[in-house]
Colleague: 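Submitted below is the structure of interest, expressed as structure tokens.
Every value quoted in this text rests on a predicted model; they were computed, and no experiment measured them.
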Amino acid sequence: MKEKYDFQEVEKKWQGRWAAENLYVVPDFSDRPKYYCLEMFPYPSGKLHMGHVRNYSIGDVVARFKTMEGYHVLHPMGWDAFGLPAENAAIKHGGIHPADWTVDNIDNMREQLKQLGISYDWNREVATCHPEYYRWTQWLFLQLFHQGLAYKKQAAVNWCTDCATVLANEQVKDGSCERCGAPVEKRELAQWFFKITDYAERLLKDIDLLGGWPDKVKIMQEHWIGRSEGTEIDFKVVGHDEVITVFTTRPDTVFGVTYMVLAPEHPLVEKLVAGTDYEAEIKEFVRKVSNMSEIDRTSNEIEKIGLPTGAYCINPVNGEKVPVLIGNYVLLEYGTGCVMGVAAHDQRDFEFAKKYDFPIRVVIQPPGEDLDPAAMEGAYEEEGVLVNSEQFDGMPNTEAIKAITEYLEQKGWGRFRVNFRLRDWLISRQRYWGAPIPIVYCERCGTVPVPESELPVLLPREVEFRPTGQSPLAECPEFVNTVCPACGGPAKRETDTMDTFMCSSWYYFRYTSPRETAGPWDKAKVDRWLPVDQYIGGVEHAILHLLYSRFFTKVLYDLKLVSVQEPFTNLLTQGMVLKDGTKMSKSKGNVISPEDIVARYGADTARLFILFAAPPERDLEWSDQGVEGCYRFLNRVWRLVAPLADKIKSAADDAPRAKQVGANREMLRVTHGTIKKVTDDIGARFNFNTAVSAIMELVNALYQYKELPETDRDQGVLREAIDALLLLLAPFAPHITEEIWEATGHTGSIHSQPWPVYDELAIKEEEITIVVQTNGKVRERLLVPAGLSADALREKVLGEPRVQQLIEGKKLVKVIPVPDKLVNIVIK
RNA sequence: GCGGGCGUGGCGGAAUGGCAGACGCGCUGGACUUAGGAUCCAGUGGGGGCAACCUCGUGCGGGUUCAACUCCCGCCGCCCGCACCA
């Protein structure tokens, strides 16, 4: 073994050998229990960033650990390779084709991942932009289409002005594009949607099945789905043959309605004002509102404005005529796009009514109080008893919710209804670099799905990349013009491509049979591997990717294409990598490049630091000095073993544990205690940072131990300790441990060894230092035999002269013995 | 506004309700050395004491308990998510 740790040489050597020996290639089937360890695949943006390094280092520890524990582990990697940056690069730099740009980036990043020594089965690599992959993305689209789950409709959709394409609801953040931050507008366009709302109830209910997910993510999804129970009530419009249907969660307040507000874009508005004095003003207002950016529109600061339409509608329960307005705060997308105004019992309505002088009618009376509408300073939203509500007077409002709904149903004026916040998933994108939607429009046959046998609908290579608001495919006649699969007549292809979240909603199935050509996957293989046992990635995907993937899995389950209802059993959302307290970004100039770190310290150091510096789900503060420390530690391990390697080689195979005494006994104890702690920290707690610190402590103990005179130590004990050290460290620092493993005379890769098992007997202490407290304060430490019962411990401690001194002259109130830990003596 | 998380030395962070600060960084001292920014050893929360020790200490204020960083209640601060949801 060389005297000095040359990480470059070591890492290169083993990366080459692992690849040559196919060490990480996983067979499809095995008798061993399976374990599917998956990290979110990256968008091939060019280079890995520290977030990737963290994500994949965590996954690699889990995968290697589970492999050593004897599981048949699937640990694949691939590329979320369609998407805007490639196309934007083509627009910006001319000359470079998105496909070439993407392939170059993939090659580059694959190389980086290999340099990190992550144990991927590269035979299973997939890239979503590959025709053999998107062929099946298109195939899956067709399955949804045939199920009636894919449909095209004209709708006011989110339009990113910068990306020049529509966005899904989930991709709009604070009224801006989630990706580029540009303002989002509303546009009326015909777009393809997936009916994820059909699955809203199941997506919500099955959150219960996600025991291994962080509560935070589950709550976010719950909120996003946003189930609420309420009542729909029909209000007839005076003088029109129209009905305004309103959704409310408070049908108990229906007798308190004094006006009605529609969303400006509500389809009825135009009809109600046509030909009236109000028409001009309303139309002007609607135009103004719909031209506002999403940011301004949804801002809380904005003043609530209402305009009368001149129309009136009839409250079915009391026959009252109430005015119909439009209001800028009413959202067309939610509920039925209108709100009934109950000023007395809704704070927002209250303020609105004050501003426009609508009557405030109390219909819920708080217990023991008499609300005076004139004196009210805010709405009363709590529970109470109904008043001014005819036959419902005197009923507690919680009961009235049900009773009034039943009454309305009986009369045919309304109905119980569950409403969701979740909208259908808009999957059309007016961009080039995505999977084409496999649909053809024929003048005679209408919308015709491309037959499965004609997939994939290939992306043409030669197109113009100008962001015009139309897909570049639309300007490519060779692509657009086709024949109708149904009648053979001339037809035009759909030119929108699919949201890339569609590609990433099923890739984890594809890994199980990545080269399958007869279908998207081989059912037996999918059944072998799914569900994913551990999924690891950033929280930023808490809603988008994870919700879409759950939706896909449920659809595929219903189609009997997969046998699981949920794709990911356990989810770990890793924290961000920060520098100087903030996210690394080019503009802040605080980016640390993984390449530099690997070049300077090696992959093992980089991985070790990132796992040591913080628990995985918390944010991690980057520290150059911390990296130095980890580098020092690996050097320390090297220097510990280097001079001993030859001796260890020739040591006996087994240290006779039972016979060891003194320092040897202690060394064994530390060794096995460390095995126990590290096994628990990785396997049960995912606390890699404390696992690493336990290994560091083992190394510290070994440094002490090796300084002993040779006659005082046992070669077998030393060897056992060093073997354990290497095995425990192997998932974190795979290269250096492999090198030392070989140098200490082992044959076969360390990564194929069984995980060490601790010996209960070796850990067992004969004597333990316990703490003696009086009134909860530490006063003494005593060495007592291990395993004393509570009673024996009490007697033993009270019998000690030093303890006698402590309690002398005091009144003994109580003694609490905690075996092997402490004794607390309560005295007065 | 609603929901979630966090708050512990100079720093990153440890502590199934049971010795607060493991491990690492930094710092201080020592050893080795021509030299060390290498390595090894020791020390390192505040205050007090020559010392054994004493005392205070986990954002703040209460509570439960023999015992609270940990559990409960009320605040304060920071971070994240959602946000006119009818």
Colleague: Roughly how far apart, to the nearest Å, are B:G26 and B:U16 at atom C1'?
Modeller: 32 Å
Colleague: Roughly how far apart, to the nearest Å, are B:C54 and B:G62 at atom P?
Modeller: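 Here B:C54 and B:G62 have their P atoms 26 Å from each other.
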Colleague: Checking base pairs now: Watson-Crick or wobble, both atom distances under 3.5 Å. What partners B:C2?
Modeller: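 WC or wobble partner is B:G81.
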Colleague: Quickly work out the A:Trp224 CH2 to B:C85 P distance and round it to whole Å.
Modeller: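 Spelled out: CH2 on A:Trp224 to P on B:C85 is 15 Å.
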Colleague: Is there a Watson-Crick or G-U wobble partner for B:G17 with both distances under 3.5 Å, and which nucleotide is it?
Modeller: none
Colleague: Using a 4.0 Å heavy-atom cut-off across all strands, classify A:Glu333 as base, sugar-phosphate, or nothing.
Modeller: nothing
Colleague: On RNA chain B, compare the nucleotides closest to A:Arg639 and A:Phe420; which residue's is nearer the 5' end?
Modeller: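 It is A:Arg639 whose nearest nucleotide is closer to the 5' end.
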Colleague: Can a side chain N or O of A:Asn824 be found less than 4.0 Å away from OP1 or OP2 on B:G18?
Modeller: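 False: A:Asn824 side-chain N/O out of range (4.0 Å or more) of B:G18 OP1/OP2.
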Colleague: Rounded to the Å, how far apart are A:Glu222 CD and B:C82 P?
Modeller: 16 Å
Colleague: A:Thr249 near the nucleic acid: base, sugar-phosphate alone, or nothing, with a heavy-atom cut-off under 4.0 Å?
Modeller: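 The residue A:Thr249 makes sugar-phosphate contact but no base contact.
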Colleague: Searching all strands shown, indicate the nucleotide that pairs with B:C69 (Watson-Crick or G-U wobble; both distances under 3.5 Å).
Modeller: none
Colleague: In the strands shown, is B:U39 matched to any nucleotide by a Watson-Crick or G-U wobble pair with both distances under 3.5 Å, and which?
Modeller: B:A31
Colleague: Please determine, for the side chain of A:Val339, which listed nucleotide (B:A22, B:A86, B:C19) has the closest atom?
Modeller: B:A86
Colleague: Whole-Å distance between B:C85 P and A:His223 NE2?
Modeller: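 Taking NE2 of A:His223 and P of B:C85, I get 10 Å after rounding.
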Colleague: For A:Lys4, which contact category applies under a 4.0 Å heavy-atom criterion: base, sugar-phosphate, or nothing?
Modeller: nothing
Colleague: Can you tell me the pairing partner of B:C23 across any strand shown, Watson-Crick or G-U wobble, with both distances under 3.5 angstrom?
Modeller: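 Answer to the pairing question: B:G12, which forms a Watson-Crick or G-U pair with B:C23.
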Colleague: Could you walk me through whether A:Asp624 and A:Trp622 pass side chain to side chain donor-acceptor pair (under 3.5 Å), step by step?
Modeller: CA-CA 7 Å; A:Asp624 291 331; A:Trp622 186 267; 3.0 Å; yes
Colleague: Are A:Arg227 and A:Glu222 within salt-bridge range, i.e. N to O under 4.0 Å?
Modeller: no
Colleague: So which nucleotide from B:C84, B:G24, B:C85 ends up closest to the side chain of A:Tyr329?
Modeller: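 Nucleotide nearest to A:Tyr329's side chain: B:C84.
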Colleague: For a salt bridge (Lys or Arg N to Asp or Glu O under 4.0 Å) check, start with the C-alpha distance between A:Lys677 and A:Asp680, then their side-chain angles and the critical distance, and finish with the verdict.
Modeller: CA-CA 5 Å; A:Lys677 166 115 178 100; A:Asp680 195 53; over 6 Å; no
Colleague: Starting at CD of A:Gln704 and ending at C1' of B:A42, how long is that distance when rounded to a whole Å?
Modeller: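 Taking atom C1' of B:A42 as the reference, CD of A:Gln704 is at 11 Å.
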Colleague: Measure the distance from CD1 on A:Ile770 to C1' on B:C19 and round it to the nearest whole Å.
Modeller: 11 Å
Colleague: Between A:Glu170 and A:Cys630, which residue's closest nucleotide on RNA chain B lies nearer the 5′ terminus?
Modeller: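 By nearest-heavy-atom nucleotide position, the 5'-most residue is A:Cys630.
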Colleague: Between B:A14, B:G12, B:G18, spot the one nearest the side chain of A:Ala613, thanks.
Modeller: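 Of the options given, the side chain of A:Ala613 lies nearest B:G12.
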Colleague: Which nucleotide sits closest to the side chain of A:Ala614: B:C85, B:G13, B:C23?
Modeller: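 Among B:C85, B:G13, B:C23, the one nearest the side chain of A:Ala614 is B:G13.
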Colleague: Rounded to whole Å, please give me the gap between CG in A:Asn775 and P in B:C54.
Modeller: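 Atom CG in A:Asn775 sits about 14 Å away from atom P in B:C54.
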Colleague: Report which part of the nucleic acid A:Pro615 touches: base, sugar-phosphate, or nothing (heavy-atom distance under 4.0 Å, all strands).
Modeller: sugar-phosphate
Colleague: Within the structure shown, what part of the strands sits under 4.0 Å from A:Leu822 by heavy-atom distance: base, sugar-phosphate, or nothing?
Modeller: base
Colleague: Indicate whether OP1 or OP2 belonging to B:A14 is found under 4.0 Å from a side-chain N or O atom of A:Arg685.
Modeller: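 The answer is no; no side-chain N or O of A:Arg685 sits under 4.0 Å from OP1 or OP2.
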Colleague: So what does A:Val330 hit on the nucleic acid, given a heavy-atom distance under 4.0 Å: a base, only sugar-phosphate, or nothing?
Modeller: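 Base, at least one base atom sits under 4.0 Å.
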Colleague: Consider the side chain of A:Ile219, meaning its heavy atoms from C-beta on, and name the nucleotide among B:U39, B:G3, B:A22 that approaches it most closely.
Modeller: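 The listed nucleotide nearest to A:Ile219's side chain is B:G3.
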Colleague: Hey, does the side chain of A:Arg421 come within less than 4.0 Å of B:A83's phosphate (OP1/OP2), counting only N and O?
Modeller: yes
Colleague: Kindly say if A:Asn700 contacts the phosphate of B:G24, meaning a side-chain N or O under 4.0 Å from OP1 or OP2.
Modeller: yes
Colleague: Looking only at atom C1', what distance separates B:G29 and B:G5, rounded to whole Å?
Modeller: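 It works out to 42 Å between them.
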Colleague: With a 3.5 Å cut-off and no angle check, do the side chains of A:Gln574 and A:Arg618 form a donor-acceptor pair?
Modeller: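 There is no such pair between these side chains.
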Colleague: Rounded to whole angstrom, note down the C1' distance from B:U8 over to B:C69.
Modeller: 7 Å
Colleague: State whether A:Arg639 and A:Glu3 are salt-bridged, where the test is any N-O pair (Lys NZ or Arg NE/NH1/NH2 against Asp/Glu carboxylate O) under 4.0 Å.
Modeller: no
Colleague: If I pick the P atom on B:A22 and the same atom on B:G10, what distance separates them, to the nearest angstrom?
Modeller: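 It works out to 14 Å between them.
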Colleague: Taking side chain to side chain donor-acceptor pair (under 3.5 Å) as the criterion, tell me which of A:Glu780, A:Lys810, A:Arg779 meets it with A:Thr774.
Modeller: A:Arg779
Colleague: Below the 4.0 Å mark, does B:G1 have OP1 or OP2 next to a side-chain nitrogen or oxygen of A:Arg348?
Modeller: no
Colleague: With side chain to side chain contact (heavy atoms under 4.5 Å, CB included) as the test, pick out the partner of A:Asn328 among A:Val261, A:Val286, A:Ile305.
Modeller: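 The single option meeting the side chain to side chain contact (heavy atoms under 4.5 Å, CB included) with A:Asn328 is A:Ile305.
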Colleague: Please determine whether a side-chain nitrogen of the Lys or Arg among A:Lys304 and A:Glu351 lies less than 4.0 Å from a carboxylate oxygen of the Asp or Glu.
Modeller: no
Colleague: Any side-chain N or O of A:Lys304 below 4.0 angstrom from OP1/OP2 of B:C84?
Modeller: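 For B:C84, OP1/OP2 do not have a side-chain N/O of A:Lys304 under 4.0 Å.
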Colleague: Rounding to the closest angstrom, what is the interatomic distance between B:C6 and B:U58 at atom C1'?
Modeller: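 So the two C1' atoms sit 14 Å from each other.
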Colleague: Tell which nucleotide pairs with B:G57, taking only Watson-Crick or G-U wobble pairs whose two distances are both under 3.5 angstrom.
Modeller: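 Result: none.
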Colleague: Does the side chain of A:Arg636 get closer than 4.0 angstrom to OP1 or OP2 of B:C40 through an N or O atom?
Modeller: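 Yes, such a contact exists.
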Colleague: Out of B:A86, B:A15, B:G24, which nucleotide sits closest to the side chain of A:Asn687?
Modeller: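 Selected nucleotide (nearest to the side chain): B:A15.
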Colleague: Reckon A:Val826 touches a base, only the sugar-phosphate, or nothing at all at heavy-atom distances under 4.0 Å?
Modeller: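 Sugar-phosphate contact only - A:Val826 comes under 4.0 Å of backbone atoms but never of a base.
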Colleague: Should the pair A:Tyr5 and A:Tyr631 be assigned to parallel (<30°), tilted (30 to 60°) or perpendicular (>60°) ring geometry?
Modeller: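 Tilted: the ring planes of A:Tyr5 and A:Tyr631 meet at 30° to 60°.
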Colleague: With syn defined as a glycosidic torsion within 90 degrees of 0 and anti otherwise, which applies to B:G46?
Modeller: anti
Colleague: Kindly point out which of B:U39, B:A20, B:C23 is positioned nearest to the side chain of A:Arg632?
Modeller: B:U39
Colleague: Please determine if a side-chain N or O atom of A:Arg779 lies less than 4.0 Å away from the OP1 or OP2 oxygen of B:C19.
Modeller: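 The answer is no; no side-chain N or O of A:Arg779 sits under 4.0 Å from OP1 or OP2.
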Colleague: Taking atom P of B:A38 as reference, at what distance in whole Å does atom CG of A:Asn635 sit?
Modeller: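 About 12 Å, once rounded to whole Å.
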Colleague: Once you round it to whole Å, what is the distance between P of B:C66 and NZ of A:Lys821?
Modeller: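 From A:Lys821 NZ to B:C66 P: 19 Å.
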Colleague: Nearest of B:C19, B:A15, B:G12 to any side-chain atom of A:Arg781?
Modeller: B:C19
Colleague: Using atom C1' of each nucleotide, how far apart are B:C71 and B:G17 to the nearest Å?
Modeller: 8 Å
Colleague: Can you label the angle between the A:Phe352 ring and the A:Phe358 ring as parallel, tilted or perpendicular, going by 30° and 60°?
Modeller: parallel
Colleague: When you compare B:G57 with B:U39, how far apart are their C1' atoms, in angstrom units rounded to a whole number?
Modeller: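 Approximately 36 Å lies between the C1' atom of B:G57 and that of B:U39.
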Colleague: At under 4.0 Å between heavy atoms, what does A:Gly629 touch on the DNA or RNA strands: base, sugar-phosphate, or nothing?
Modeller: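 If one applies the 4.0 Å heavy-atom cut-off, A:Gly629 turns out to touch the sugar-phosphate alone, with no base involved.
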